[in-house]
Amino acid sequence: VQLQASGGGLVQAGGSLRLSCAAAGRTFSSYDMGWFRQAPGKEREFVATISWSGEDTYYADSVKGRFTISRDNAKNTVYLQMNSLKPEDTAVYYCAADRRLSAQVMSIIPETSIDYWGKGTQVTVSS
């Protein structure tokens, strides 16, 4: 599956952004999906994952209550709604997909185990 993330940009602290990740392929609904991010000088880290059905979601502690992951299987798209943004949320955000691994497993394993990655989209939060 090919993934294309979009929706990044520059926003002031306290603002909101919605990221989208469009997937090419007829089997999108069979993939668990996730968002990860990489800040300058840091390793890429888990942000949120969602099961293929959308019923199960998992979040990093740093974004709980502020970010919401969702998906529309009819549109082959996964979203990340980001509210109450903080300067420390500044990073390149990547979407990822895997058909073998569950959303829960994707949230805890090394990212190198995840099969598919899209190109990132830059999110910059100014103070």
Side-chain angles (χ1 to χ4, degrees):
V1 63
Q2 293 181 321
L3 306 172
Q4 179 64 55
S6 61
L10 174 63
V11 63
Q12 289 188 332
S16 299
L17 280 175
R18 188 175 82 155
L19 305 183
S20 299
C21 177
R26 295 178 292 176
T27 58
F28 172 78
S29 61
S30 65
Y31 287 80
D32 284 24
M33 304 288 297
W35 287 96
F36 296 74
R37 67 186 182 187
Q38 186 169 20
K42 295 186 177 181
E43 294 187 350
R44 191 153 55 182
E45 64 177 6
F46 157 72
V47 175
T49 53
I50 187 168
S51 62
W52 65 270
S53 65
E55 290 184 0
D56 300 310
T57 57
Y58 304 88
Y59 295 93
D61 288 344
S62 58
V63 307
K64 275 181 185 176
R66 300 189 298 121
F67 290 12
T68 302
I69 189 171
S70 62
R71 66 190 295 162
D72 185 337
N73 286 342
K75 295 183 179 180
N76 280 14
T77 302
V78 63
Y79 304 98
L80 185 68
Q81 177 67 44
M82 305 186 294
N83 298 329
S84 302
L85 282 160
K86 304 175 181 180
E88 51 263 43
D89 294 318
T90 295
V92 177
Y93 284 71
Y94 298 89
C95 62
D98 203 290
R99 195 157 58 176
R100 302 170 297 112
L101 302 174
S102 70
Q104 184 178 23
V105 171
M106 289 173 67
S107 72
I108 59 176
I109 62 170
E111 61 177 38
T112 52
S113 299
I114 298 172
D115 280 345
Y116 300 100
W117 292 88
K119 293 182 179 179
T121 185
Q122 176 71 47
V123 172
T124 303
V125 184
S126 62
S127 57

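Residues take their numbers from the sequence shown, with the count starting at 1. The structure presented is a predicted model; accordingly, all values stated were derived computationally and were not measured.
- Hydrophobic clustering of Ile, Leu, Val, Met, Phe, Trp and Tyr side chains at less than 4.5 Å, counting indirect connections, keeps Tyr31 apart from Trp117.
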Review point. Where do Phe28 and Met33 land on the side-chain contact (heavy atoms from CB on, under 4.5 Å) test, with the steps shown first?
Key: CA-CA 9 Å; Phe28 172 78; Met33 304 288 297; 3.8 Å; yes

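- Here the side chains of Phe67 and Leu17 are not in contact, with every heavy-atom distance at 4.5 Å or above.
- The hydrophobic cluster containing Leu101 does not contain Ile50, counting ILVMFWY residues as joined when their side-chain heavy atoms lie under 4.5 angstrom apart, directly or transitively.
- Between the Asn73 side chain and the Trp52 main chain, a donor and an acceptor come within less than 3.5 Å of each other.
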Check your understanding: Going through the distances and angles, do Val123 and Leu19 end up as a side-chain contact (heavy atoms from CB on, under 4.5 Å)?
Key -> CA-CA 9 Å; Val123 172; Leu19 305 183; 4.0 Å; yes

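- Here Leu3 contributes atom CG and Lys119 contributes atom NZ; the two are 12.0 Å apart, rounded to the nearest 0.5 Å.
- For the pair Ser20/Lys75, no side-chain contact is recorded, criterion being any heavy-atom separation below 4.5 Å from C-beta on.
- For the atom pair OG1 of Thr121 and CH2 of Trp35, the computed distance is 7.5 Å after rounding to the nearest 0.5 Å.
- Considering all non-hydrogen atoms of both residues, Ala13 and Pro87 come closest at CB-CD, 4.1 Å.
- Atom OH in Tyr93 sits 15.0 Å away from atom OG in Ser6 (nearest 0.5 Å).
- Nearest heavy-atom pair across Val78 and Ser70 is CG2-O, 3.0 Å.
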Practice item. For side chain to side chain donor-acceptor pair (under 3.5 Å), just list the numbers for Ser51 and Asp32, CA-CA rounded to whole Å, side-chain angles, deciding distance to a tenth of an Å, and then say yes or no. Key: CA-CA 5 Å; Ser51 62; Asp32 284 24; 5.4 Å; no

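- Here the CZ atom belonging to Arg99 is positioned 4.5 Å from the OG1 atom belonging to Thr27, to the nearest 0.5 angstrom.
- Cluster membership check: Tyr58 does not share its hydrophobic cluster with Ile69, using side-chain heavy-atom separations under 4.5 Å among Ile, Leu, Val, Met, Phe, Trp and Tyr.
- With Thr124 contributing its side chain and Leu10 its backbone, the two residues share no donor-acceptor pair below 3.5 Å.
- One finds the OG atom of Ser30 at 10.5 Å from the CG atom of Asp98 (value rounded to the nearest 0.5 Å).
- Under a hydrophobic clustering in which Ile, Leu, Val, Met, Phe, Trp and Tyr are joined whenever their side-chain heavy atoms come within less than 4.5 Å, directly or via other members, Tyr79 and Val63 fall into different clusters.
- Remark: Arg44 is not positioned above the aromatic ring of Phe36, lacking an NZ or CZ atom under 6.0 angstrom from the ring centre and at most 45 degrees off the axis.
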Check your understanding: Can you check side-chain contact (heavy atoms from CB on, under 4.5 Å) on Asp115 and Arg100, steps first, answer last?
Key -> CA-CA 9 Å; Asp115 280 345; Arg100 302 170 297 112; 3.2 Å; yes

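- Between Lys86 and Asp89 there is no salt bridge, since no side-chain nitrogen of the basic residue lies less than 4.0 Å from a carboxylate oxygen of the acidic one.
- Judged by distance alone, with hydrogens and angles left aside, the side-chain atoms of Asn76 form no donor-acceptor pair with the main-chain N or O of Ala24 at under 3.5 Å.
- Once rounded to the nearest 0.5 Å, the distance linking CD of Gln38 with OG1 of Thr90 reads 13.5 Å.
- Stacking of Arg66 on the aromatic ring of Tyr59 is not recorded, the 6.0 Å distance cut-off and the 45° axial limit not both being met.
- Hydrophobic cluster membership is shared by Val1 and Leu80, with clusters built from Ile, Leu, Val, Met, Phe, Trp and Tyr side chains linked at under 4.5 angstrom.
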